[in-house]
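The structure appears below as structure tokens.
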Amino acid sequence: MDKEKTITALLTGAVLSAAVGYLFFWVTASWIEADNRERFDHLARNAQFMIKARLKSYVDVLQGSASMLQTNGRPTRESFHRYVHGLNLRHNFPGIIAINYAERISRSDLPVFLQRMHAQPANGPDGYPAFKLTSDGLRDDLEVIIYLDPIRTWSRRYGYDMLVRGLAHVSDDMRDSGEMTSSGFPMPIMRNRLNMGMAMRMPIYTAGMPVNTVEQRRAAYIGSVGIGFSVPKLVQEVLDEMGEYDVRLSLLDADTGRFLFDSAATRSNPAPPKAMPDSHTFVTRVDIPFTGRTWHAWFSTRKRDAYTRFDTSVPWLAGVAGFSVSMLLSALFQTLTFSRRRALHLANQMTREVRESQFRLEDSHQKLRRLAAHADHIKEEERKRIAREIHDDLGQNLLALRIEADVLCSRTALKHPRLHARARETKEQIDATIKSVRQIINDLRPNVLDLGLSAAVEWLIADFRRHTGIACEFTDANNDMVVDDHCATAFFRILQESLTNVRRHSRASKVHVELTCTDGTLSMTVADNGVGMPPGGRDKANSFGLVGIEERVNILGGVFFVRSEPGKGTVISVSVALGGGQRHKTALQPNPEVCI
């Protein structure tokens with residue numbers, strides 16, 4: 001009878017242990033899947049930012065070309081080629097495949113226009129063929145491409161009427177609005193259906209004529225400048241940045257429903273089925289604005305490609321651990337039934353193991369915190385190094401270029417007015433670049449940090465007030481406080497993140513920042529009169545601002561808490577002991593419901 005009870009108890013324990021092991025396996029597998037999904041979503045958002053940045057650079061090229069044409073009037077073939085050659089598209093903008101200028105001609109002026117174009121030499125060193133007008137002749141106006149670079153690749157477009165293919169309304173809307181536009185229709189590049197391109201255009205008006213109304217813009221309109229870019233080249237570098245995954249990217253124009261690019265497309269299968277989220281695939285969609293339109297970017301990858309060997313093995317280890325622990329508990333229960341002494345021995349042994357595990361866990365936690373502090377220090381040092389190198393190398397080179405441009409401008413002021421104008425424009429562009437470089441240096445690490453924490457805080461508040469228009473007061477109780485660079489940088493970043501949260505979320509009209517140093521404790525308080533955080537707002541998914549502030553304060557061994565109520569604003573307080581590196585929890589008395 002006792003033997004049968006023992007066998008029954010062992011079988012019952014084995015079944016329960018198997019259920020617990022499966023539960024551990026499922027929970028761990030779900031957690032790993034969620035973690036990998038979040039990491040993949042983060043990579044997709046980074047890719048979205050990179051694509052938007054590249055599109056912005058293409059827009060800048062188009063705007064610069066339009067400014068050049070509108071300022072200098074109709075250029076020559078040679079001057080247009082020199083301008084495009086100076087852009088160095090292959091190196092600086094590898095996605096751009098062509099830049100062109102189209103002139104608007106009425107039907108009545110067409111004979112004079114054709115006479116002028118036929119008079120230009122053909123098949124010369126510039127590579128332009130004999131002019132041939134390509135138009136359907138269905139409208140009173142034409143918009144003909146007369147300048148194109150590189151011409152040798154796109155000579156078939158020379159003389160092409162931009163108003164064919166039913167796109168006259170697109171050009172007219174661009175002319176009347178004065179804004180950049182795109183038809184939204186992809187076009188194959190070099191007759192390759194897989195290498196699709198997109199185009200953007202901007203209107204050109206007669207210099208000096210008013211363009212404030214639609215009628216004035218129509219009267220001043222002389223043509224348009226456009227660029228064409230390769231969609232695969234635009235996104236290929238982005239896909240290369242996601243090299244740790246085998247990612248499929250599909251681009252869809254949301255307005256027309258047309259697919260612009262699919263990295264899974266081949267010549268034999270140019271339109272593969274759309275990736276769908278399932279138990280084997282991660283799929284993320286992000287939206288990308290493009291000249292008033294919206295692109296849907298679908299990123300997808302197989303889960304097995306996203307998982308590491310560790311991710312694959314951990315659920316099994318957790319399942320085995322859960323089964324083993326359950327079996328141990330079952331065995332312990334059985335042992336307690338037969339022998340109290342044996343049960344006490346096993347309990348003491350398990351207690352030691354638990355304590356050792358807790359010690360190792362705490363030790364691991366401390367190592368991770370030190371690693372985070374080290375990583376943050378490396379990041380700030382790298383920012384400082386990059387800012388210094390940009391200042392010492394690029395900044396000096398730009399200054400030298402500015403001096404040369406100024407000399408050229410002064411020497412050509414009287415004898416060469418056109419060259420003088422170009423030199424003056426070059427100098428202005430160099431000044432704008434120097435200003436941009438200085439802004440980049442400040443974004444990496446403001447030089448004002450070298451003047452002390454108080455000066456850095458005053459600069460940051462002034463910059464915040466200038467860019468947002470929000471009233472921001474600063475109270476500094478100790479102007480002569482001495483803070484090491486690591487602590488000053490951390491407080492600067494904490495204030496930077498806090499002001500960013502105010503700008504993005506608070507809808508506040510007034511902010512007050514207070515910085516004090518009392519009894520060896522440095523404290524900072526940021527208070528606003530905004531809408532406050534809604535219940536549960538601090539636990540919002542994908543929101544890491546407060547988490548980052550908390551981690552910085554923990555690295556410094558300080559105390560951080562947030563007090564916020566809906567409609568009553570938000571108060572963020574930080575306190576760190578200077579020099580000791582220990583937590584001084586008596587420095588602040590936070591509400592336990594909001595203290596982190």
Side-chain angles (χ1 to χ4, degrees), residues 61-62 64-91 93-94 96-165 167-168 170-171 174-175 183 187-192 195 197-207 221-230 418-419 422:
V61 170
L62 181 59
S65 302
S67 177
M68 183 273 293
L69 291 169
Q70 191 153 321
T71 301
N72 298 332
R74 181 191 302 147
T76 63
R77 289 179 181 175
E78 182 181 358
S79 63
F80 188 81
H81 172 73
R82 285 200 306 268
Y83 170 75
V84 178
H85 180 72
L87 293 176
N88 195 2
L89 298 180
R90 179 172 296 183
H91 181 267
F93 309 96
I96 297 180
I97 55 178
I99 301 180
N100 65 76
Y101 169 70
E103 184 174 332
R104 178 65 71 97
I105 307 105
S106 65
R107 183 67 62 179
S108 60
D109 295 333
L110 184 58
V112 176
F113 169 77
L114 291 177
Q115 182 180 5
R116 172 166 58 90
M117 297 306 299
H118 288 312
Q120 297 187 12
N123 301 317
D126 58 7
Y128 277 80
F131 180 80
K132 180 181 179 183
L133 178 63
T134 303
S135 176
D136 55 18
L138 300 178
R139 291 160 310 281
D140 293 334
D141 291 335
L142 296 85
E143 193 159 326
V144 183
I145 296 178
I146 62 173
Y147 298 129
L148 183 62
D149 203 283
I151 184 63
R152 299 187 187 278
T153 305
W154 298 96
S155 59
R156 67 182 185 277
R157 290 285 181 175
Y158 179 51
Y160 184 78
D161 182 7
M162 296 294 297
L163 304 185
V164 302
R165 294 176 56 198
L167 298 180
V170 177
S171 179
M174 172 189 66
R175 174 199 63 192
S183 67
M187 54 185 179
I189 298 175
M190 303 301 291
R191 300 182 180 179
N192 185 352
N195 189 7
M198 296 293 293
M200 296 184 291
R201 303 199 68 79
M202 284 194 69
I204 305 298
Y205 301 102
T206 302
Y221 184 70
I222 59 175
S224 62
V225 62
I227 66 171
F229 61 91
S230 169
R418 294 186 63 184
L419 182 58
R422 295 296 297 273

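Fair warning: this is a prediction, and the values are worked out from it, not measured in the lab.
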Q | Exceeds 12 heavy-atom contacts within 6.0 angstrom, atom CG of N88 | A | yes
Q. Is the backbone of L148 close enough, under 3.5 Å, to the side chain of Y128 for a donor and an acceptor to pair up by distance?
A. yes
**Q.** I99 vs L87 side-chain heavy atoms within contact, under 4.5 Å
**A.** yes
Q. What closest approach, in Å, do M162 and I145 show between heavy atoms, and which atom pair accounts for it?
A. SD-CD1, 3.5 Å
(Q) Which residues pass the side chain to side chain donor-acceptor pair (under 3.5 Å) test with R116, not counting sequence neighbours? (A) E103
(Q) Tell me whether R104 forms a cation-pi arrangement with Y221, defined as NZ or CZ under 6.0 Å from the six-membered ring centre and within 45 degrees of its axis. (A) no
Q. What distance do D141 atom CG and D109 atom CG have between them, rounded to the nearest 0.5 Å?
A. 9.5 Å
Q | Minimum heavy-atom distance between P129 and A122, given as atom pair plus value | A | C-CB, 3.7 Å
Q.
Side chains of W154 and I97, heavy atoms from C-beta outward: is any pair under 4.5 Å?
A. yes
Q | Interatomic distance, M68 atom CE to R422 atom CZ [nearest 0.5 angstrom] | A | 7.0 Å
Q. Knowing that exactly one of I227, L62, N100 qualifies, which makes a side chain to side chain contact (heavy atoms under 4.5 Å, CB included) with R201?
A. N100
Q) How far apart are the closest heavy atoms of E143 and G223, and which atoms are they? A) OE2-C, 4.2 Å
Q | Heavy-atom pair of closest approach, residues V225 and S65 | A | CG2-CB, 3.9 Å
Q | Contacts of I222 that satisfy side-chain contact (heavy atoms from CB on, under 4.5 Å) - sequence neighbours left out | A | Y101, I204, T206
Q) Got a sec, which residues hit side-chain contact (heavy atoms from CB on, under 4.5 Å) with F131, two or more places apart in sequence or on another chain? A) F113, L114, M117, H118, L133, V144, Y158
Q | Donor-acceptor contact present, side-chain Y147 to main-chain H81, <3.5 Å | A | no
Q. Considering only heavy atoms from C-beta outward, does the side chain of S135 approach that of L163 to under 4.5 Å?
A. no
